[in-house]
Visitor: 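Here you go, one structure.
Residue numbers begin at 1 in each chain, while the letters A, B, ... track the order of the sequences. Worth knowing before you read on, the calculation uses all heavy atoms, side chains too, and leaves out hydrogens, waters and symmetry mates. Since the structure is predicted, the reported quantities are computational estimates derived from the model, not experimental observations.
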Amino acid sequence: MRNHYCGHLNESLIDQNVILCGWVNRRRDHGGVIFIDLRDREGLAQVVFEPEAAEIFAMAERVRNEYVLRIQGTVRHRPEGTVNPELATGQVEVVCQHIEILNAAETPPFQLDDSNVSEEIRLRYRYIDLRRPEMQARLQLRAKIITLLRHFLDEQGFLDIETPMLTKATPEGARDYLVPSRTHPGQFFALPQSPQLFKQLLMMSGMERYYQVVRCFRDEDLRADRQPEFTQLDIEMSFIDETTIKNVMESMIRRLFKEVLNEDLPNPFPSMSYEESMRRFGTDKPDLRIPLELTDVNDLMADVEFNVFAKPAKDPDGRVAALCVPNGKALSRKQIDDYTGFVGIYGAKGLAYIKVNDITAGRKGLQSPILKFLPDQAIEGILERTKADTGSLIFFGADKAKIVNEALGALRLKIGNDLKLVQKGWKPLWVVDYPMFEWDEKEKRWASLHHPFTAPNVPDIATLEANPKTCLSRAYDMVLNGNEIGGGSIRIHRPDMQSAAFRVLGIGEEEAQEKFGFLLEALQYGCPPHGGIAFGLDRLAMLMSGASSIRDVIAFPKTQTASCLLTSAPSTASQAQLRELHIRLRTQGTPST
RNA sequence: GGAGCAGUAGCUCAGCUGGUUAGAGUACAGCCCUGUCAAGGCUGGGGUCGCGGGUUCGACUCCCGUCUGCUCCGCCA
């Protein structure tokens, strides 16, 4: 049907007869001469229609935007002075000798070259939105990323193995998407939140190295970087420890960035403990491009006569921390008020600050509503530790450590962006030495920080059960520019340790058997030491393409309420369908017949 | 479950402290035009102001509710 892509035309094809297919990007009708920019996946080509060929010219006059055409013509140099340097094919044009309208098109609901169309409209007409070069480039980049990762893993001896989509609900973790069973009345499959247990079973099956580009489902509320269905690069290896898998995965990501973006990532990636990351950045996914850090000042505040600071300073679960912003003095009162409101989102009750007007003038060089509460010793300590200088603005958070970390961690990102302190480039790191458990205040029980199959970093079961609060796990997260792009762990590979982990989590013997009996059983039949990782492919593609939402690297994403504006899914089911599935609706919905 | 922002022409937006005929750009249609590439010129059509209720002599404008989209908190082992 065609022999060249529009976007591939160049001077080497001059005088050749080409056949192009594509969409009318734009038509410029000068009365006596008509130009049509024909667009396909690879780019644009200018097709010229001259009035001498009356029949062809008449057809070109009828053509409108987004018509689908097949054009036959001769490639020639553009006349002197009409070359378009903005266009990859701008040196040449095609003189049309034959035109075929493969399909007419209604006027599009929006203009493809409008970069400011609302997302609602774009999603409703996604098939048109995806024609835009920007979206074409993103999906092409995503395909390139996946292809490269597959090649790498294949080279390294990983097997691509599929796991079930219709599987068993899990008690821990995210809300499951449920699928009713027709053949088992009242019973349900769950769509996988991840193939976690299957990939572990594959290690027990002796597959040694597994990977899968796999869809995962979580029925939780959405964000710019979270969709109800998303794609993981899921990986598992046998007979390895943390060092091996981290090395292999680093190599993979380094090669990915080199080959796709020609970017050199550090070798090795820096590594940081969870504890250090929380202390310095208030988060376990620090954006190392922002040169701001939190500073602990608990000890300086424990004895001050200012309860807002002294109380959390003395609380074992409290934290008083400072965030020093060089040249932050320029921030207006309104901006500081805005930041106070911002940290309020995270539960902070206020945002104290000190302006450093003159670092050499001691107390007199400072300006702050809280100055009167602070003794000289505390002030000196703060200035020294935060490395404050003339012009600095020091923010303070004082509350439960969780609130201070979240509030100042988020403030650090916001100020970093607002003040344009974010450095160019890519800053990957590993975050390691996660706590094994965290206390769930609502449920009054220990919960896995990672998941219940993560190996604890302890010599024996007794140590695990005696120290749930301080026990670290063998988990590791890969973080890039403030995004968690991958996370994994060495897994528990012995049944007694797995049972102990369940016990700490308050999962009783009976429940463990019911929910995870198959896993506990499998562990008894010869399970190799193993571990793995899963990467969020959508997030990776988002970062690498410079998109600000994973929706921009997913062909057909869902909205924040998890609906598809293109197909109007989800929708009601017919009474007949529901009856077959043994389901009766509680609400007086109006199912179609 | 909660907070914020937005919803006016096909699209993107403006519309003052409430005032009688709701505008702009672009798209679209027609006419003119032989070198444009966001082509240009002239003319024209196009609106349940998201939806429902309330206040008022009068509501795009104020109030309440609701729906939709986005951002965020909670949630996401």
Visitor: So D221(A), base contact, sugar-phosphate only, or nothing? Heavy-atom distance under 4.0 Å.
Guide: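 Base, at least one base atom sits under 4.0 Å.
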Visitor: Using a 4.0 Å heavy-atom cut-off to protein, can you give one letter per nucleotide of nucleotides 46-52 of chain B, 5' to 3': B if the base is in contact, S if only the sugar-phosphate is, - if neither?
Guide: -------
Visitor: Are the charged groups of D399(A) and K349(A) less than 4.0 angstrom apart, N to O?
Guide: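 Salt bridge: yes.
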Visitor: U71(B), OP1 or OP2 - any side-chain N/O from R551(A) closer than 4.0 Å?
Guide: yes
Visitor: State whether R28(A) places a side-chain N or O below 4.0 Å from either non-bridging phosphate oxygen (OP1 or OP2) of A39(B).
Guide: yes
Visitor: Per the salt bridge (charged side-chain N to carboxylate O under 4.0 Å, His left out) rule, what does the pair list look like for residues 479-491 of chain A, sequence neighbours excluded?
Guide: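 Output for this query lists E236(A)-R491(A).
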Visitor: Fit a plane to each ring of Y346(A) and F342(A), take the angle between them on a 0 to 90° scale, and name the class: parallel (under 30°), tilted (30 to 60°) or perpendicular (over 60°).
Guide: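 Ring orientation of Y346(A) relative to F342(A): perpendicular.
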Visitor: Which part of the nucleic acid, if any, lies within reach of V83(A) when heavy atoms closer than 4.0 Å are counted: base, sugar-phosphate only, or nothing?
Guide: base
Visitor: Would you please confirm or rule out a distance under 4.0 Å between OP1 or OP2 of C73(B) and any side-chain N or O of R223(A)?
Guide: yes
Visitor: Can you list every salt bridge (charged side-chain N to carboxylate O under 4.0 Å, His left out) pair that touches residues 529-539 of chain A, not counting sequence neighbours?
Guide: R142(A)-D538(A), D225(A)-R539(A)
Visitor: Expressed as a whole number of Å, how far does the P atom of C13(B) sit from that of U8(B)?
Guide: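 That atom pair is separated by 9 Å.
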Visitor: Which residues pass the side chain to side chain donor-acceptor pair (under 3.5 Å) test with R26(A), sequence neighbours left out?
Guide: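 Scan of R26(A) (side chain to side chain donor-acceptor pair (under 3.5 Å), adjacent residues dropped) gives D113(A).
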Visitor: Heavy atoms under 4.0 Å, any strand shown: does R124(A) hit a base, just sugar-phosphate, or nothing?
Guide: nothing
Visitor: How does protein reach along nucleotides 22-27 of chain B, written 5' to 3' as B (base within reach of a heavy atom under 4.0 Å), S (only sugar-phosphate), or - (no contact)?
Guide: ----SS
Visitor: Between protein and nucleic acid, restricted to nucleotides 30-32 of chain B and to nitrogen or oxygen atoms under 3.5 Å apart, what atom pairs and distances do you find?
Guide:
| residue | atom | partner | partner atom | Å |
| --- | --- | --- | --- | --- |
| G30(B) | OP2 | R64(A) | NH2 | 3.4 |

Visitor: Over all strands shown, is T82(A) touching base, sugar-phosphate only, or nothing at heavy-atom distances under 4.0 angstrom?
Guide: base
Visitor: Do any pairs count as a salt bridge (charged side-chain N to carboxylate O under 4.0 Å, His left out) and have a residue in residues 42-61 of chain A, sequence neighbours left out, and if so which ones?
Guide: E50(A)-R76(A)
Visitor: Map G81(A) and F453(A) onto RNA chain B by nearest heavy atom, then report which one ends up closer to the 5' terminus.
Guide: G81(A)
Visitor: Please enumerate all protein N or O atoms sitting under 3.5 Å from an N or O of nucleotides 67-69 of chain B, with distances to 0.1 Å.
Guide:
| residue | atom | partner | partner atom | Å |
| --- | --- | --- | --- | --- |
| U68(B) | O2' | E120(A) | OE2 | 2.7 |
| G69(B) | OP1 | T559(A) | OG1 | 2.9 |
| G69(B) | OP1 | T561(A) | OG1 | 3.2 |
| G69(B) | OP1 | S563(A) | OG | 3.1 |
| G69(B) | OP2 | T561(A) | OG1 | 3.0 |
| G69(B) | O4' | E120(A) | OE1 | 3.3 |

Visitor: Excluding sequence neighbours, so at least two apart, what forms side chain to side chain contact (heavy atoms under 4.5 Å, CB included) with S563(A)?
Guide: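 T559(A), T561(A), L565(A), P570(A).
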Visitor: Under 4.0 Å between any heavy atoms, over every strand shown, what does E106(A) touch: base, sugar-phosphate, or nothing? Just pick one.
Guide: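 Nothing: the residue E106(A), judged by heavy atoms under 4.0 Å, touches no strand.
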Visitor: Assess whether a salt bridge exists between D129(A) and R124(A), defined as any Lys/Arg side-chain N lying under 4.0 Å from an Asp/Glu carboxylate O.
Guide: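 Looking at D129(A) and R124(A), the cut-off is not met.
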Visitor: Suppose we screen for side chain to side chain contact (heavy atoms under 4.5 Å, CB included). Which residues come up paired with S448(A), at least two apart in sequence or across chains?
Guide: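 If we apply the side chain to side chain contact (heavy atoms under 4.5 Å, CB included) test to S448(A), skipping adjacent residues, the hits are E172(A), P452(A), L505(A).
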Visitor: Quote, to the nearest angstrom, the P distance that separates G53(B) from G47(B).
Guide: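 That atom pair is separated by 23 Å.
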Visitor: State which residues pass ring-ring contact (aromatic ring centres under 6.0 Å, His included) with Y434(A); sequence neighbours excluded, sorted by chain then number.
Guide: Y274(A)
Visitor: With RNA chain B as reference, determine whether V48(A) or P109(A) sits nearer its 5' end, using the nearest nucleotide of each.
Guide: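 Checking each residue's closest nucleotide, the 5'-ward one belongs to P109(A).
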Visitor: Identify, with sequence neighbours excluded, every residue that meets side chain to side chain contact (heavy atoms under 4.5 Å, CB included) alongside T340(A).
Guide: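 Result, side chain to side chain contact (heavy atoms under 4.5 Å, CB included) vs T340(A): I336(A), L351(A).
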Visitor: Looking only at side-chain atoms of H30(A), point me to the closest of C72(B), C37(B), U34(B).
Guide: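 For the H30(A) side chain, the nearest candidate turns out to be U34(B).
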